[in-house]
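What follows is a set of notes on a single structure, which appears directly below.
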Amino acid sequence: MNRESPGAHPDEPHAPGLAQRLNWLRAGVLGANDGIVSTAAVVVGVAGATAEVGPVFIAGAAALVGGAISMALGEYVSVSSQRDSERALIAKERRELADEPDAEFAELIGLYEAKGLSHETATQVATELTAHDPLAAHLSAELNIDPDDVVSPWHAAFASAIAFFLGALLPMATILLAPHPLRIGLTFVTVLIALAVTGYVAAWLGGANRGRAVVRTMIGGALALVATYLVGSLFGTTVL
């Protein structure tokens with residue numbers, strides 16, 4: 001059943017559960033981007049120091065596993081803090097509504113007046129919303145929180161870890177399977193194409209300029225690869 005508002009535009013997000021979906025999508029895109037860049041940087045750096053495949057594989061595998069776990073833990077801690085803050089604000093608002101309902105009602109009217117409504121219209125809106133769900137009305141107007149759509153840290157953690165793992169497989173597979181003379185160059189090209197995709201998706205999710213995001217992401221990834229390759233070349237044998 002479609003529960004979107006009857007007046008919603010089809011290309012705008014209004015459906016219930018939006019925060020949850022954006023939460024794991026954001027974590028997934030960031031995880032994939034980090035998996036691509038960090039693992040590629042490690043394997044390119046090691047490949048810049050040695051022509052042997054074994055050290056490249058070991059370093060890449062360690063970066064992949066450690067990075068996926070680190071990303072999952074980071075997302076879990078970050079989103080847990082956000083969730084705890086939202087729950088604390090919800091509990092505080094619930095107490096205030098129970099202890100001072102008249103003051104809270106007057107505050108709600110004032111909030112809508114501050115948004116440009118007349119006193120009469122603001123009072124009518126506050127009255128109707130309070131009759132329907134006073135807690136939701138105050139959370140939306142005061143804090144922009146949906147009590148039924150609090151983000152899940154587990155969703156973010158799993159999405160980030162899986163996306164990191166899948167993103168890291170791309171540079172790993174490229175540098176291990178490509179012919180020896182071409183492996184670093186092909187890894188550069190593959191990584192930059194993948195970063196263009198993740199940059200585009202991240203901008204699309206956030207409604208930002210997609211071209212600028214793609215360029216920014218590709219430049220950052222290229223700098224990381226060049227830097228680690230130079231480090232590997234300085235301490236090993238150049239293999240190009």
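All values derive from a computational prediction rather than experimental measurement. For the numbers below, each heavy atom of this structure counts, side chains included, while hydrogens, waters and symmetry mates do not.
- No chain of hydrophobic side-chain contacts below 4.5 Å, direct or via other Ile, Leu, Val, Met, Phe, Trp or Tyr residues, connects Leu139 to Tyr112.
- Distance CZ/Arg95 to CD/Glu100: 12.0 Å, rounded to 0.5 Å.
- Taking both residues in full, the closest heavy atoms of Gly60 and Val43 are given as CA-CG1, 3.5 Å, listed atom of the first, atom of the second, then distance.
- Placement of Val125 and Leu135 in two distinct hydrophobic clusters is found when ILVMFWY residues are connected by side-chain heavy-atom separations under 4.5 Å, directly or transitively.
- Side-chain contact between Phe164 and Thr39 is present, with heavy atoms from C-beta onward closer than 4.5 Å.
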- Task: Please report the C-alpha distance between Ile109 and His119 in whole Å, then the side-chain angles of each, then the deciding distance to 0.1 Å, and finally whether the side-chain contact (heavy atoms from CB on, under 4.5 Å) criterion is met.
- Result: CA-CA 7 Å; Ile109 294 173; His119 178 73; 4.0 Å; yes

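- With rounding to the nearest 0.5 angstrom, the CD atom of Glu104 is 9.0 Å from the CG atom of Leu111.
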- Task: Begin with the C-alpha distance, continue with both residues' side-chain angles, and end with the deciding distance and a verdict on side-chain contact (heavy atoms from CB on, under 4.5 Å) for Phe188 and Val44.
- Result: CA-CA 9 Å; Phe188 265 75; Val44 166; 3.9 Å; yes

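- Not counting sequence neighbours, the partners of Tyr76 by the ring-ring contact (aromatic ring centres under 6.0 Å, His included) test are Trp154.
- Residues Ile162 and Leu169 are members of one and the same hydrophobic cluster, defined by side-chain heavy-atom contacts under 4.5 angstrom among Ile, Leu, Val, Met, Phe, Trp and Tyr.
- Atoms CG and OG, from Asp34 and Ser160 in turn, are 7.0 Å apart once rounded to the nearest 0.5 Å.
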- Message: The test is side-chain contact (heavy atoms from CB on, under 4.5 Å); show your working for Leu170 and Val191 and say whether it passes.
- Response: CA-CA 8 Å; Leu170 184 63; Val191 166; 5.9 Å; no

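- Here the closest heavy-atom approach between residue Thr130 and residue Ala126 is recorded as OG1-O, 2.6 Å.
- Side chain of Thr228 to main chain of Ala41: a donor-acceptor pair is present (N/O by atom type, distance under 3.5 Å, no hydrogens or angles).
- Shown here are the salt bridge (charged side-chain N to carboxylate O under 4.0 Å, His left out) partners of Glu52, two or more places apart in sequence or in another chain: there are none.
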- Step by step, would you call Gln124 with Glu128 a side chain to side chain donor-acceptor pair (under 3.5 Å)? CA-CA 6 Å; Gln124 181 180 353; Glu128 294 183 9; 3.2 Å; yes

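- Between the CG atom of Leu89 and the CG atom of Asp84 there is a distance of 11.0 Å, given to the nearest 0.5 Å.
- Here the CG atom belonging to Leu192 is positioned 10.5 Å from the CD1 atom belonging to Ile219, to the nearest 0.5 angstrom.
- Of the possible donor and acceptor atoms, one in the side chain of Ser81 sits under 3.5 Å from a partner among the backbone N and O of Val77.
- Closest heavy-atom contact between Leu195 and Gly221: CD1-CA, 3.5 Å.
- Here the closest heavy-atom approach between residue His180 and residue Ala51 is recorded as CE1-CB, 3.7 Å.
- Hydrophobic cluster membership differs between Leu97 and Phe105, with clusters built from Ile, Leu, Val, Met, Phe, Trp and Tyr side chains linked at under 4.5 angstrom.
- Nearest heavy-atom pair across Ala196 and Val214 is O-CG2, 3.4 Å.
- Among all heavy-atom pairs drawn from Arg210 and Trp204, the shortest one is NH2-CD1, 3.0 Å.
- With hydrogens and angles ignored, the 3.5 Å screen pairs a side-chain donor or acceptor of Thr190 with a backbone N or O of Leu186.
- Around atom CG of Asp99, more than 12 heavy atoms belonging to other residues, nucleotides or ligands sit under 6.0 Å away.
- With contacts defined as side-chain heavy-atom distances shorter than 4.5 Å, the pair His138/Glu96 does not qualify.
- Within the 4.5 Å cutoff, the side chain of Glu75 has no heavy atoms near those of the His155 side chain.
- A continuous path of hydrophobic side-chain contacts links Leu166 to Ile69 [ILVMFWY only; heavy atoms under 4.5 Å].
- Annotation: the span from Thr121 atom OG1 to Lys115 atom NZ amounts to 14.0 Å, rounded to 0.5 Å.
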